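Data block below; observations after.
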Amino acid sequence: ALRGQFFDITQVGASAQNLATNARHITDGLLFLNGGTIAALLPWDEGQRMLRNETDYLDYRDKLILPGFVDTHLHYPQTEMIGAYGEQLLEWLQTYTFPVESQYVSHDHAARMSAFFLSQLLSNGTTTALVFGTVHPQSVDALFSAAERVGMRMIAGKVMMDRNAPDYLTETPEQSYQQTRDLILRWHKRGRLNYALTPRFAPTSSPELLSAVQKLREEFPDTWVHTHLSENSDEVEWVKALWPEHASYLGVYHHYKLTGKRSVFAHGIHLQECEWDCLQHTDSSVAFCPTSNLFLGSGLFNLKQCMQKGVRMGIGTDVGAGTTFNMLQTLAEAYKVAQLQSYRLCASEAFYHATLGGAHALDLDTKIGNFQAGKEADFVVLDPAVTPLQKLRYANSRDIYEKLFVLMTLGDDRNIWQTWVDGKCVWQREMLEVAA
Ligand code: GUN
Ligand code: FE
């Protein structure tokens, strides 16, 4: 068992008010694990009686334990290009992204970068992610193999694209169908791994390619769909020009039956009212990627609208357009994006989005996202105050909500003490400190 301070959100909710009501804070609790499963989270007084002997627990009383963070959108092959200067989306893709992604034709490169990528996720407390590979099937083989070794719950897929990209990254719809199908058969539902059909976005897809995606989704209805939607104004205009017969950007995906539960659309910044309604009534999800949207100058995600419409939503780092793997820093930027639109993102809502809300957006909320008994034992042990400024500010915080808010405002990877996946500690800061 682990003894410490715990915080989670016990139920999926639709408003900041009911999320606050569903927040659970246990100042001194015991978390019991049964292998990779959570057996119980109890206050010390109750849990103590279940210990085999009085000291049979790991003592984390100066730490804060949260459910593992869920990153609902990022690109592992873009790890090596974070901070590419000067461009907005479409030029950024041409200038920086496509050349970098070409390197994943090499399985060795993909394997090396997969290991690095997973260590970045884990050292930032992220235990589940929905991930883009490149067009190369070997990129996804490498990532899934690495995730399987760690025991992580991960959803990923190879990019599908057949136009408006360099020749070295495009394929035919038939190849795309066949290679994706092979990957699904190899990886989907193998342990904790799941497959996402990953057409890059409408501009790099022909009608035939989206038909191939539709066909795969009909053949494998429990796979995920993962793509980009309405991120940048020039992109939205380009979609209108390429797909004049469709009334909206989301309308293109909807036409090919790619909306629905387990469909995750990254960004959704420049949406019309009818697109919000379509997301809502199809039960689709959006990934809010604040650092990316600011870095590429894409725009401000309308969190208030999303909450009012009751659209499933999770937070994405969107590395490498996003500027960090760290969920605390990402929440800080989400708060500022909301502030610019007069929406108050409180700490309980923010941490909900980063944990159970993200799990709900991925349709994984029955498996991960909080400390409910029976769920998978993925969690992060935080050191809530590591710098002099954090220590000062922490000491001056009244309650857990203020502490969490300060943590997301001032926090970063230094606050991640340990990351547990499948009931095992898979990363810890101590090792880093000893090595340094
Ligand atoms: N739209 C299409 N591809 C991409 C990508 O790689 N990153 C981002 N941020 N948006 C995209
Ligand atoms: Fe992206």
Side-chain angles (χ1 to χ4, degrees), residues 71-104 113 117 129-136 139-140 155-166 169-170 196-206 209-210 213 224-239 242-243 249-250 252-253 258 263-271 285-301 313-325 330 333 337 361:
D71 190 335
T72 59
H73 174 71
L74 80 168
H75 303 250
Y76 102 82
Q78 295 176 12
T79 305
E80 60 209 269
M81 58 161 289
I82 291 186
Y85 173 77
E87 305 292 354
Q88 293 209 347
L89 177 64
L90 300 176
E91 296 73 26
W92 175 87
L93 284 172
Q94 294 292 339
T95 312
Y96 295 112
T97 316
F98 293 150
V100 167
E101 291 193 4
S102 72
Q103 299 184 54
Y104 287 72
M113 292 312 297
F117 173 78
L130 173 59
V131 188
F132 260 68
T134 62
V135 74
H136 316 98
S139 73
V140 177
I155 312 172
K158 110 179 187 70
V159 167
M160 305 171 78
M161 60 176 167
D162 72 337
R163 64 167 168 172
N164 295 320
L169 285 183
T170 50
L197 307 171
T198 311
R200 180 166 216 121
F201 64 157
T204 50
S205 308
S206 70
L209 186 103
L210 291 188
V213 185
W224 277 253
V225 170
H226 184 198
T227 188
H228 295 93
L229 170 70
S230 199
E231 174 178 5
N232 165 290
S233 314
D234 291 343
E235 173 208 11
V236 174
E237 288 308 307
W238 195 21
V239 170
L242 288 169
W243 303 83
Y249 192 157
L250 185 61
V252 176
Y253 298 133
L258 302 181
S263 292
V264 182
F265 298 99
H267 309 298
I269 292 178
H270 307 280
L271 296 176
S285 299
V286 285
F288 170 21
C289 308
T291 72
S292 163
N293 298 158
L294 296 171
F295 183 76
L296 290 182
S298 302
L300 304 176
F301 179 77
M313 194 276 282
I315 305 284
T317 60
D318 196 23
V319 162
T323 51
T324 178
F325 281 87
T330 307
E333 299 311 287
V337 166

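Only a predicted model underlies this, so the values are computations on that prediction, with no experimental measurement involved. In each ligand, atom 1 is the first atom listed, and ligand 1 is the first ligand listed.
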Original post:
Just checking, any donor-acceptor pair under 3.5 angstrom between side chains of Asp318 and His267?
Top reply: yes
Subject >> Evaluation steps, side chain to side chain contact (heavy atoms under 4.5 Å, CB included), between Leu300 and Asn293 >> reply: CA-CA 7 Å; Leu300 304 176; Asn293 298 158; over 6 Å; no
**OP:** Could you grab the protein N, O or S atoms closer than 2.8 Å to the Fe ion (ligand 2) for me?
**Re:** His73 NE2, His75 NE2, His228 NE2, Asp318 OD1
Original post:
So is Thr97 polar-close to ligand 1, meaning N/O to N/O under 3.5 Å?
Top reply: no
**OP:** Spell out, as yes or no, whether a donor-acceptor pair under 3.5 Å connects the side chain of Thr134 to the backbone of Ser139.
**Re:** no
Subject >> Stepwise side chain to side chain contact (heavy atoms under 4.5 Å, CB included) check, Thr97 with Arg200 >> reply: CA-CA 12 Å; Thr97 316; Arg200 180 166 216 121; 3.7 Å; yes
Original post:
Quick one: does Glu235 get within less than 4.0 Å of ligand 1, heavy atoms only?
Top reply: no
**OP:** Take Leu258 and Thr227 through the side chain to side chain contact (heavy atoms under 4.5 Å, CB included) test and state the conclusion after the steps.
**Re:** CA-CA 10 Å; Leu258 302 181; Thr227 188; over 6 Å; no
**OP:** Report the residues that fulfil side chain to side chain donor-acceptor pair (under 3.5 Å) with Thr317, sequence neighbours left out, ordered by chain and then residue number.
**Re:** Asp71
**OP:** Report the nearest protein non-hydrogen atom to atom 6 (O) of ligand 1: residue, atom name, distance rounded to 0.1 Å.
**Re:** Arg200 NH2, 2.7 Å
**OP:** Within a distance under 4.0 Å of any heavy atom of Ala321, pick out the atoms of ligand 1 and give their elements.
**Re:** 9 (N)
Subject >> Sub-4.0 Å heavy-atom contact, Phe132 with ligand 1 >> reply: no
Subject >> Sidechain-backbone polar pair: His136 side chain, Gln103 backbone, donor-acceptor under 3.5 Å >> reply: no
Original post:
Does an N or O anywhere in Asp318 fall below 3.5 Å from an N or O of ligand 1?
Top reply: yes
**OP:** Check whether any N or O atom of Glu101, backbone or side chain, sits under 3.5 Å from an N or O atom of ligand 1, and answer yes or no.
**Re:** no
**OP:** Identify, for atom 4 (C) of ligand 1, the protein heavy atom at the shortest distance, and state residue, atom and that distance.
**Re:** His228 CE1, 3.4 Å
Subject >> All salt bridge (charged side-chain N to carboxylate O under 4.0 Å, His left out) counterparts of Glu231, not counting sequence neighbours >> reply: none
Original post:
Hey, looking at atom 7 (N) of ligand 1, which of Trp92, Phe98, Phe201, Tyr96 has the closest heavy atom?
Top reply: Trp92
**OP:** Indicate yes or no for a side-chain donor-acceptor contact from His73 to the backbone of Phe288 under 3.5 Å, with no hydrogens or angles considered.
**Re:** no
Original post:
Is the Phe325 ring parallel, tilted or perpendicular to the Phe117 ring (thresholds 30°, 60°)?
Top reply: perpendicular
Original post:
Under the side chain to side chain contact (heavy atoms under 4.5 Å, CB included) test, which residues partner Glu237, sequence neighbours left out?
Top reply: Lys240
Subject >> Heavy-atom nearest neighbour of atom 10 (N) of ligand 1 within options His267, His75, Gln78, Glu231 >> reply: Glu231
